[in-house]
2 protein chains.
Amino acid sequence: MAKIKLLYVEDELALANIVKDVLEDRGYEVLLISDGAKVIPALDWFQPEICILDIMLPNIDGYALGQELTKRIPDTPIIFLSAKNLPADVIKGFKNGGSDYMRKPFSIEELLVRIENQLGIKKAAPPAEKQKNEIRFGAYTFYPNKLLLSYKQEERRLTYREAELLSFFANHKNGIIEKKDLLLKVWGDDNLYNARNLDVYIARARELFSQDPKVEIITLRGLGYRFNVE
Amino acid sequence: MAKIKLLYVEDELALANIVKDVLEDRGYEVLLISDGAKVIPALDWFQPEICILDIMLPNIDGYALGQELTKRIPDTPIIFLSAKNLPADVIKGFKNGGSDYMRKPFSIEELLVRIENQLGIKKAAPPAEKQKNEIRFGAYTFYPNKLLLSYKQEERRLTYREAELLSFFANHKNGIIEKKDLLLKVWGDDNLYNARNLDVYIARARELFSQDPKVEIITLRGLGYRFNVE
DNA sequence: GCTCTATAAGGTTAAAAAAGGTTAATAGAA
DNA sequence: TTCTATTAACCTTTTTTAACCTTATAGAGC
């Protein structure tokens with residue numbers, strides 16, 4: 001079975017490395033980032049299933065990061081971890097996208113159990129379109145390996161780029177998609193020509209999903225898109 | 001709207017009554033039980049949507065109770081509340097059906113937020129939707145993820161910047177909004193040109209809300225705005 | 001203390017510029 | 001060929017910039 005991908009943002013490296021070791025020992029694939037500014041760019045290639053965030057980070061504040069993550073990967077649970085112990089801080093954590101909040105110092109065993117708890121909650125509802133070969137978008141079904149999109153009885157063959165685009169959407173549904181990330185992932189390079197190219201594919205994707213108004217690609221001018229389903 | 005039914009099991013009555021009052025004040029329908037043995041029989045007629053359990057109870061142990069509740073009402077979240085502070089106790093709480101665990105003494109505000117968090121996870125159970133999709137501004141409803149603002153039957157598509165501005169307002173309603181914070185959040189940079197730009201968007205926002213006089217954007221000259229609702 | 005005036009902040013509207021949408025034509029691979 | 005990807009052309013919408021107008025506020029002079 002594939003390992004669960006866990007993003008861990010912490011700047012105290014002495015602590016972080018111990019925790020990381022334990023987590024890896026328990027079978028998680030851990031990405032440890034100590035600089036808050038590097039988190040967002042990492043989302044694309046790492047695609048975490050759960051995030052552990054320290055709050056007091058250099059450069060960026062953990063709360064802001066939580067908010068940003070909630071926008072981009074809305075179904076992924078976030079556990080805040082902080083020496084800020086006041087109830088007001090905890091509340092702020094929940095308001096900024098947190099699914100749980102642990103005070104420092106904490107017990108690693110307790111952290112492990114809280115992680116499992118969050119994952120358990122998520123498991124019950126079944127998103128996680130990681131390596132699936134069947135993905136539902138509203139009334140459509142997308143078969144990434146077969147390059148096929150079906151709607152009711154109709155089947156439609158997709159081209160390679162169309163399928164790549166839809167796969168990217170599948171991994172970012174109901175979240176913010178930056179144009180440059182999309183270009184990098186699907187075209188491997190974000191230059192001006194490819195940007196226009198993407199516009200053409202977006203038009204095509206909109207046409208593909210035109211039967212079901214619940215599936216919509218919303219433009220975030222100057223930034224990218226939102227792919228909304230349901 | 002029907003009140004949310006909350007089962008609260010606690011034997012320290014002095015504490016319990018204070019908490020109960022606050023919960024009722026926040027709109028919950030609270031059933032307080034101080035004798036653990038009476039919990040199971042009450043399930044049938046009360047049918048709670050969330051349970052708060054103290055662990056050290058006379059007659060029956062809170063963990064056992066948690067286990068029993070999990071069997072009988074498996075989708076109902078349980079928050080343990082206990083003076084037993086060791087990580088091992090917390091872990092035991094999660095293993096016995098807990099969805100969260102708070103150490104005593106606790107802040108009531110924090111409890112309220114954790115309750116909401118649990119309900120939020122459950123409410124939108126299939127696809128766990130953490131972020132708000134619907135925000136009310138007086139007679140208007142704002143759908144930040146759909147970039148939509150509705151008033152009575154009318155729906156109005158918003159542009160990305162308009163939606164960002166309204167999201168910022170949503171997070172600061174009835175409070176002071178500093179121009180520079182707003183610029184930083186919505187434009188990512190506060191320089192003089194963007195400042196004029198913001199003026200244009202404020203005019204547009206005022207136009208958007210012109211149907212309901214209860215929603216108003218008040219200028220705080222030299223500082224920013226107040227976004228008043230209600 | 002008043003009143004007047006200068007000035008800067010902000011309101012409003014329109015025009016310019018940039019981003020993106022759409023469709024068709026062209027180029028390139030299979 | 002034939003199918004796919006890219007480029008181009010033209011159009012629409014959004015955002016930015018500019019111009020001009022209104023209003024609040026501080027200070028000068030009374």
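Sequence lines set the chain letters: A, B, ... in the order given, protein chains first and strands last, and positions in each chain run from 1.
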| field | Distance in angstrom units between B:L183 CG and C:dA9 P, rounded | value | 14 Å
| query | So which nucleotide from C:dG20, C:dT22, C:dG10 ends up closest to the side chain of A:V200? | reply | C:dT22
| field | D:dT14 phosphate, OP1 or OP2, under 4.0 Å from A:T219 side-chain N/O | value | no
| said: Of the listed nucleotides (C:dG21, D:dT17, D:dT7), which one gets closest to any side-chain atom of B:Y193? | reply: D:dT17
| What is the distance from CZ of A:R161 to C1' of D:dT6, rounded to the nearest Å? | 9 Å
| field | Options D:dT16, C:dG21, D:dA5, nucleotide nearest the side-chain atoms of A:Y201 | value | D:dA5
| Could A:K185 and A:E178 be called an ion pair, given the rule that one side-chain N must be under 4.0 Å from one carboxylate O? | no
| field | Between P of D:dA5 and CG of A:D189, the distance in whole Å | value | 17 Å
| request: Could you state the atom-to-atom distance from CD1 of B:I202 to C1' of C:dA9 in whole Å? | output: 14 Å
| message | Please confirm whether the shortest side-chain N or O distance from A:R157 to OP1 or OP2 of D:dC3 is below 4.0 Å. | response | no
| query | OP1, OP2 of D:dT13 versus side-chain N and O of B:T159: anything below 4.0 Å? | reply | no
| message | Ignoring hydrogens and geometry beyond distance, is the side chain of B:R196 in donor-acceptor contact with the base of C:dG11 at under 3.5 Å? | response | yes
| query | OP1, OP2 of D:dA5 versus side-chain N and O of A:W187: anything below 4.0 Å? | reply | no
| query | Under the 3.5 Å rule, do the base of D:dT14 and the side chain of A:R221 count as making a donor-acceptor pair? | reply | yes
| query | Can you check the A:L198 CG to C:dG21 C1' distance for me, whole Å? | reply | 12 Å
| task | Please check if the side chain of A:N17 supplies one atom and the backbone of A:L13 the other of a donor-acceptor pair under 3.5 Å. | result | yes
| field | Out of D:dT6, C:dG11, D:dT17, whichever nucleotide has its closest atom nearest the side chain of B:N197 | value | D:dT17
| field | Distance, rounded to the nearest Å, where B:R206 contributes CZ and C:dT12 contributes P | value | 6 Å
| query | Any side-chain N or O of A:K179 less than 4.0 Å from the OP1 or OP2 oxygen of C:dA19? | reply | no
| What's the CZ-P distance between B:R204 and C:dT12, to the nearest Å? | 13 Å
| remark: side chain to side chain contact (heavy atoms under 4.5 Å, CB included) with B:Q118: of B:T76, B:I50, B:I52, B:V113, only one passes, and it is B:I50
| Charged N to carboxylate O under 4.0 angstrom, B:E207 versus B:R156? | yes
| Aromatic ring pairing A:F137/A:F142, orientation class (parallel under 30°, perpendicular over 60°, tilted between) | parallel
| task | Starting at atom CG of B:L220, determine the distance to atom C1' of D:dT23, rounded to an integer number of angstrom. | result | 15 Å
